[in-house]
Amino acid sequence: MTKPLVIVGDSMLDVDIEGSATRLSPEAPVPVVDADRVWQRPGGAGLAAVLAARIESGVVLVTAMADDDEGARLTELLSAAGITVVALPMAGTTVCKTRIRASGQSMLRLDHGDGILAGQDLPAEVAEVLSGARAICVADYGHGVSAHPGLRRLLEDVAKRVPLVWDPHPRGAEPVPGCWLVTPNQAEAQQNSAQKLRRRWRARAVSVTLGGRGAAVSTDDGRVTDITVPASLAAGSVRSDTCGAGDRFAVAATLALAEGQATIQAVTEAVCAASRFVATGGAVGVSTPGSIGANGGTSEFTAILGDVAEVRDRLRRRGGRLVATGGCFDLLHTGHVRLLQRARQLGDALVVLLNSDASVRALKGASRPVMAQADRARVLCALACVDAVVIFDETSPEQKLEQLRPDVWVKGGDYAESDLPEASVVRSHGGDIVLLPTIAGYSSSKLIAAMRS
């Protein structure tokens with residue numbers, strides 16, 4: 001059995017409330033945000049664990065948990081991601097961070113909860129998990145887990161045998177001696193060089209992350225190496241959300257070190273992984289739809305599903321650029337998701353025009369679709385990058401586009417504009433046509449054929 005990757009640190013509940021801001025409050029000169037959707041995800045060490053679980057099976061999270069509604073929701077989200085939680089006692093309430101966003105811009109963040117690790121005794125399971133780890137990543141968010149004396153002794157001992165990566169926090173404890181890599185960002189480094197921090201923390205290596213400029217790495221051979229973001233990833237959208245980028249960096253570095261890569265190789269891979277994470281939507285891509293005014297439970301659709309005129313009017317009230325794309329989306333795959341994420345980055349709202357079951361049969365034959373239109377719509381609505389879904393019966397979306405009138409119509413690069421009868425409709429209302437490159441090797445038809453064979 002493969003040894004697990006273990007994440008240690010402070011977890012919280014992150015909430016994004018998205019909506020539109022088209023007017024000022026009469027009580028004060030502040031914008032009024034009309035909330036449309038809510039997204040929830042584990043934050044802090046919980047987010048690091050979720051990101052690790054997307055690429056690694058058997059992830060274990062050692063964290064403090066509170067017995068309250070937010071703690072129950074956090075436990076539910078972690079369990080759904082396939083993460084094993086070793087819970088430590090918490091004094092106080094679950095830390096919850098709520099971002100209020102309008103048209104892709106953060107307007108306000110509300111923090112509540114005062115939870116901190118309680119007690120001096122560690123469950124016996126903690127020592128067992130750490131001693132059996134393939135690698136350990138400490139995600140310190142300043143709420144006491146990384147400061148526990150007994151836990152620190154265990155971590156220092158384990159670092160003699162397996163990779164230990166420490167992502168520090170200004171309000172947290174200093175990394176234990178012997179860390180294989182410490183990953184502060186520029187603000188956390190507080191004007192200190194990577195070399196100075198490595199000596200101070202007695203670490204094998206320190207990588208100061210520099211956002212879009214990559215990272216500076218000091219290793220125990222005395223060298224300092226600058227690692228830049230590849231040009232193909234540096235040209236990301238200015239709308240990109242960097243929330244979670246540090247966690248993605250630390251997790252990628254931990255996994256690379258666990259696979260036996262040298263420090264510089266591991267940090268290079270981590271820079272690329274964090275840059276891709278930001279370019280493809282950031283933490284919102286691992287969020288779960290929730291409902292306004294509740295910590296648990298979800299409505300059937302958090303994106304709008306319905307009449308094209310209703311969709312148009314509601315999204316237009318938000319302001320900004322309206323982007324649309326369309327297709328059958330029969331067995332959603334990585335190529336679809338990447339196209340949808342990139343399409344959403346072209347504007348402020350994304351509408352998917354979805355071929356109905358009858359429309360798919362007319363285009364692809366009597367054996368299709370394999371998923372009914374309601375199920376295909378549910379899957380699309382659950383994606384954070386999708387703001388609305390409209391189902392249409394025709395073989396071409398021209399009639400719906402005549403009503404929707406998007407600013408941008410997006411299709412995959414396997415089409416040419418001359419292949420799109422709807423292009424003239426979009427252009428007649430001042431819209432643009434954008435053809436995005438597809439990812440080679442992904443095809444719903446091929447996946448379905450392989451399954452049937």
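These numbers were taken from a predicted model, which means no experiment stands behind them. Keep in mind that the numbers below use all heavy atoms, side chains included, and drop hydrogens, waters and symmetry copies.
Pairing each heavy atom of Ala87 with each of Pro123, the nearest pair is O-CG, 4.2 Å. Contact record, Cys328 with Leu354: O-CD1, 3.3 Å, taken as the closest heavy-atom pair. Nearest heavy atoms, Leu332 versus Leu383: CD2-CD1, 3.9 Å. The two atoms that bring Gly113 and Thr93 nearest to each other are CA-OG1, 3.2 Å, heavy atoms only. A pairwise comparison of heavy atoms in Met65 and Val85 identifies CG-CG1, 4.4 Å as the closest pair. Among all heavy-atom pairs drawn from Arg202 and Pro177, the shortest one is NH2-CG, 3.3 Å.
We find the CG-CD1 distance between Leu5 and Ile136 to be 9.0 Å, quoted to the nearest 0.5 Å. In this structure, the separation between CH2 on Trp201 and CH2 on Trp166 is 10.5 Å, given to the nearest 0.5 Å. A distance of 10.0 Å separates CG of Leu435 from NZ of Lys411, quoted to the nearest 0.5 Å. Annotation: the span from Ser218 atom OG to Leu197 atom CG amounts to 9.0 Å, rounded to 0.5 Å. To the nearest 0.5 Å, the span separating CG on Asp140 from CG on Asp167 amounts to 8.0 Å. To the nearest 0.5 Å, atoms OG (Ser207) and CD1 (Ile264) are separated by 8.0 Å.
Under the 3.5 Å distance criterion, the side-chain polar atoms of Arg41 are left unmatched by any main-chain donor or acceptor of Leu47. Ser79 contributes no side-chain N or O that, together with a main-chain N or O of Glu76, makes up a donor-acceptor pair within less than 3.5 Å. Panel note: side chain Arg321, backbone Ala349; no donor-acceptor pair is recorded below 3.5 Å. Looking only at distances, no side-chain donor or acceptor of His148 sits under 3.5 Å from a matching main-chain atom of Val145. Judged purely by atom type and a 3.5 angstrom limit, Arg109 has no side-chain atom pairing as donor or acceptor with the backbone of Arg99. Distance alone, capped at 3.5 Å, is enough to place a donor-acceptor pair between the Trp180 side chain and the Ala159 backbone. Looking only at distances, no side-chain donor or acceptor of Glu269 sits under 3.5 Å from a matching main-chain atom of Ala266. Between the Thr325 side chain and the Val410 main chain, a donor and an acceptor come within less than 3.5 Å of each other. The backbone N or O of Ala203 sits nowhere less than 3.5 Å from a side-chain atom of Asp220 that would complete a donor-acceptor pair. With Asp16 contributing its side chain and Val38 its backbone, the two residues share no donor-acceptor pair below 3.5 Å.
Under the side-chain contact (heavy atoms from CB on, under 4.5 Å) criterion, Asn185 pairs with Ala187, Glu188, Thr209, not counting sequence neighbours.
Salt-bridge check for Arg344 with Asp348: failed, with every basic side-chain N at 4.0 Å or more from each acidic carboxylate O. Salt-bridge annotation for Arg73 and Glu70: absent, with no side-chain N of the basic residue lying under 4.0 Å from a carboxylate O of the acidic one.
Other residues, nucleotides and ligands contribute at most 12 non-hydrogen atoms within 6.0 Å of the CG atom of Asp67. Other residues, nucleotides and ligands contribute more than 12 heavy atoms inside 6.0 Å of the CG atom of Asp221.
Side chains of Trp409 and Val434 form no contact here, defined as non-hydrogen atoms less than 4.5 Å apart. Taking the side chain as every heavy atom from C-beta outward, Val30 and Leu108 never approach each other to under 4.5 Å. Residues Leu350 and Leu322 are not in side-chain contact: their nearest non-hydrogen atoms beyond the backbone lie 4.5 Å or more apart. Put simply, the side chain of Val126 reaches to within 4.5 Å of the side chain of Leu151, judged on heavy atoms. Within the 4.5 Å cutoff, the side chain of Val8 has heavy atoms near those of the Leu130 side chain. When side chains are defined from C-beta on, Pro230 counts as touching Cys272, because their heavy atoms get closer than 4.5 Å. Counting heavy atoms from C-beta outward, Leu51 and Phe249 have side chains that stay 4.5 Å or more apart. Put simply, the side chain of Asn192 reaches to within 4.5 Å of the side chain of Arg200, judged on heavy atoms.
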In sequence, state the C-alpha distance, the side-chain angles, and the governing distance for Val208 and Val206, and then conclude on side chain to side chain contact (heavy atoms under 4.5 Å, CB included). CA-CA 6 Å; Val208 177; Val206 167; 4.3 Å; yes
Please step through side chain to side chain contact (heavy atoms under 4.5 Å, CB included) for the pair Val165 and Val251, ending with a clear verdict. CA-CA 8 Å; Val165 175; Val251 165; over 6 Å; no
Just do the side chain to side chain contact (heavy atoms under 4.5 Å, CB included) check on Thr84 and Leu61 with the steps written out, would you? CA-CA 6 Å; Thr84 300; Leu61 172 63; over 6 Å; no
Decide side chain to side chain contact (heavy atoms under 4.5 Å, CB included) for Glu56 and Leu255; before the verdict, give the C-alpha distance in whole Å, the side-chain angles of both, and the deciding distance to 0.1 Å. CA-CA 9 Å; Glu56 178 91 356; Leu255 288 172; 3.6 Å; yes
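Side-chain contact check for Thr63 and Asp10: no donor-acceptor pair (N or O, by modelled atom type) lies under 3.5 Å. No side-chain donor from either of Gln195 and Arg223 sits under 3.5 Å from a side-chain acceptor of the other. With 3.5 Å as the limit, one finds a donor-acceptor pair spanning the side chains of Thr94 and Asp68.
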